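Report on the following structure.
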Amino acid sequence: MIPILDLKQEYQELKSEIDAAIERVLTSGGFVGGPEVAALESELAGYLKVPHVVTCGSGTDALYIALRAMGIGPGDEVITTPFTFIATLEAIQHAGARPVLVDIDPQNFNLNPSLLEGVLTPRTRAILPVHLYGQVAPMQQIRAFAQKHGLRVLEDAAQAIGARYCASGCQHPAGHACNCSNPQAGTLGDAGAFSLYPSKNLGAYGDGGFIATHSASIAEEARLLAAHGSRVRYYHVRPAGYTSRLDALQAAILRVKLPYLEAWNTRRRQIAQMYNQGLRDKVLVPCEMPYALHIYHQYTVRHPERDRLAAYLKDQGIGSSVHYPVPAHLQPAYRDLAPEGALPAAEAAAREVLSLPMHPFLGESQVEAVIQAVRTYA
Ligand SMILES: *Cc1c(COP(=O)(O)O)cnc(C)c1O
């Protein structure tokens, strides 16, 4: 069996370091916040090259806390993509605002910036692009549009930690590491929201998330909101705060993993390159945009008989997954956002996408077995 993701191998590789980190926390007697969390925040800030990182309880929390910290609230509209994990839309609703959907660019599955103009209203306050599968959305056009119309930009970077954005078009040869100093996904807008969910490229052993920003005021406001609207315990300066925080065990585990992230992402790019070479005449393989260093949170192909291909792979003992089978506007909970047929590129992608096994501990023979199975079917 080749599962789509295998977290057991990673733990086996890092066992002695992780076990030591866990023991350090258990013997310290401090379990929420504290020095481990503070150290992780500064290490993440160093890695991403931003002055401020605020950890919180999940990627979903990071999204809505960031929106509120930017001043988005009731009566506001936030433009986003229908082809994402539902948390992106939930966050907009939790902030009290209304999600407004634009269709995706079928080439890269990210929101299509040429459609922004068509949904702009006097209530539009922000754009929330999602760097889907680990590839940065077209931020140059998104930022230019936001600037022209005075909008905020929050990046959903849950799937994109370590992805780079190279506006100058420095071409990254497929399968190679990033040797450029280009900015990180999640640091290109007013703020970026990241998830530390176990399956993400940098995953905790439980839930977690964080906000990265260049703005001291957004960071300060996010910190307040995540801690019951208080700066000093039992004194509350903001209404409707949250209890959203990272625990020390997760922070200590993540501090072990962070130094490996670049190498793991490079390995994912190498695996993607092997898949590309083995599959490009059989299925539509992912397109790497010239401006993006894709970090392959998912390796997602398109095939007109997606469901039959997935069933065949399952018979062969190969895991796969559909990210995502139903675009947001066709979900029963979100029917009011747009009618069926209104966002055709997202609807077509939802019918055809299939994610293949992808994680840094996938061996060459396993990659070869996946390629052979897909080739036999397709
Ligand atoms: C995982 C994910 C989230 C939510 O993160 P959680 O930590 O699970 O709350 C949000 N957006 C996208 C695109 C994601 O993939």
Side-chain angles (χ1 to χ4, degrees), residues 4-5 7 40 44 53-68 78-95 99 101-102 104 108-111 126-137 139 142 153-163 185-186 188-189 191-212 222 225-226 242-247 250-251 253-254 257 265 268 292 294-300 321-328 331 333-334 346 349-350 353 355 358-359:
I4 183 160
L5 175 67
L7 297 171
L40 176 69
L44 284 168
V53 163
V54 180
T55 52
C56 61
S58 70
T60 308
D61 289 6
L63 283 165
Y64 66 69
I65 290 170
L67 284 171
R68 275 193 65 192
V78 179
I79 303 172
T80 192
T81 163
F83 199 54
T84 180
F85 180 56
I86 206 67
T88 315
L89 280 86
E90 289 171 326
I92 296 169
Q93 296 178 311
H94 284 309
L101 302 176
V102 291
I104 58 167
N108 58 37
F109 303 108
N110 284 321
L111 76 74
I127 309 174
L128 207 177
V130 179
H131 305 314
L132 202 72
Y133 306 147
Q135 175 156 246
V136 180
M139 291 302 291
I142 291 168
V153 176
L154 171 63
E155 301 167 74
D156 182 337
Q159 303 187 1
I161 189 164
L188 305 158
F194 292 80
S195 169
L196 299 165
Y197 184 75
S199 68
K200 301 294 158 89
N201 287 31
L202 179 67
Y205 290 166
D207 278 307
F210 68 92
I211 296 158
L225 288 169
Y242 310 99
T243 172
S244 182
R245 52 208 176 193
L246 193 67
D247 65 71
Q250 302 306 340
I253 291 163
L254 290 159
K257 290 188 173 194
N265 282 346
R268 286 173 182 265
H294 195 322
I295 47 92
Y296 293 98
H297 172 60
Q298 301 295 348
Y299 181 88
T300 304
S321 191
V322 176
H323 305 101
Y324 296 92
V326 183
Q331 298 284 355
Y334 291 86
V353 291
S355 303
M358 173 56 86
H359 59 85

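Here the structure is a predicted model, which is why all the values come from computation and not from measurement. Whatever order the structure lists them in is the order used to number ligands and atoms, beginning at 1. These numbers come from the heavy atoms of this one structure, side chains and all, not from hydrogens, waters or symmetry mates.
Between the side chain of Glu155 and the main chain of Gly186, a donor-acceptor pair closer than 3.5 Å is present. In this structure, Thr81 contributes its side chain and Leu111 its backbone to no donor-acceptor pair below 3.5 Å. Lys257 contributes a side-chain N or O that, together with a main-chain N or O of Gly203, makes up a donor-acceptor pair within less than 3.5 Å.
Among the atoms of Thr84, none of the N or O lies under 3.5 angstrom from an N or O of ligand 1. When only interatomic distances are considered, the shortest N/O to N/O separation between Ser195 and ligand 1 falls below 3.5 Å. Considering backbone and side-chain atoms together, Asp156 places an N or O closer than 3.5 Å to an N or O of ligand 1. Checking only distances, Ala87 never comes within under 3.5 Å of ligand 1, N or O to N or O.
In this structure, CG on Leu40 lies 7.0 Å from CG on Leu196, to the nearest 0.5 angstrom.
Residue Ala158 approaches ligand 1 through these ligand atoms, each under 4.0 Å from one of its heavy atoms: 2 (C), 3 (C), 10 (C), 11 (N), 12 (C), 14 (C), 15 (O). Proximity to Val130 (heavy-atom distance under 4.0 Å) selects the following atoms of ligand 1: 13 (C). Near Gly59, with a cut-off below 4.0 Å to any heavy atom, the atoms of ligand 1 are 5 (O), 6 (P), 7 (O), 9 (O).
Under the 30°/60° scheme for interplanar angles, the aromatic rings of Phe210 and Phe194 are found to lie parallel.
Between Leu254 and Leu246, the closest side-chain pair of non-hydrogen atoms falls below 4.5 Å.
The nearest protein atom to atom 14 (C) of ligand 1, hydrogens excluded, is given as Lys200 NZ, 3.2 Å; this is a heavy-atom distance. Distance from atom 9 (O) of ligand 1 to its nearest protein heavy atom, with residue and atom name: Thr60 OG1, 2.5 Å.
For Tyr197, the OH atom sits in a loose shell: 12 or fewer heavy atoms of surrounding residues, nucleotides or ligands are nearer than 6.0 Å.
Proximity annotation for atom 15 (O) of ligand 1: of Gln298, Gln159, His323, His297, Gln159 comes nearest, heavy atoms only.
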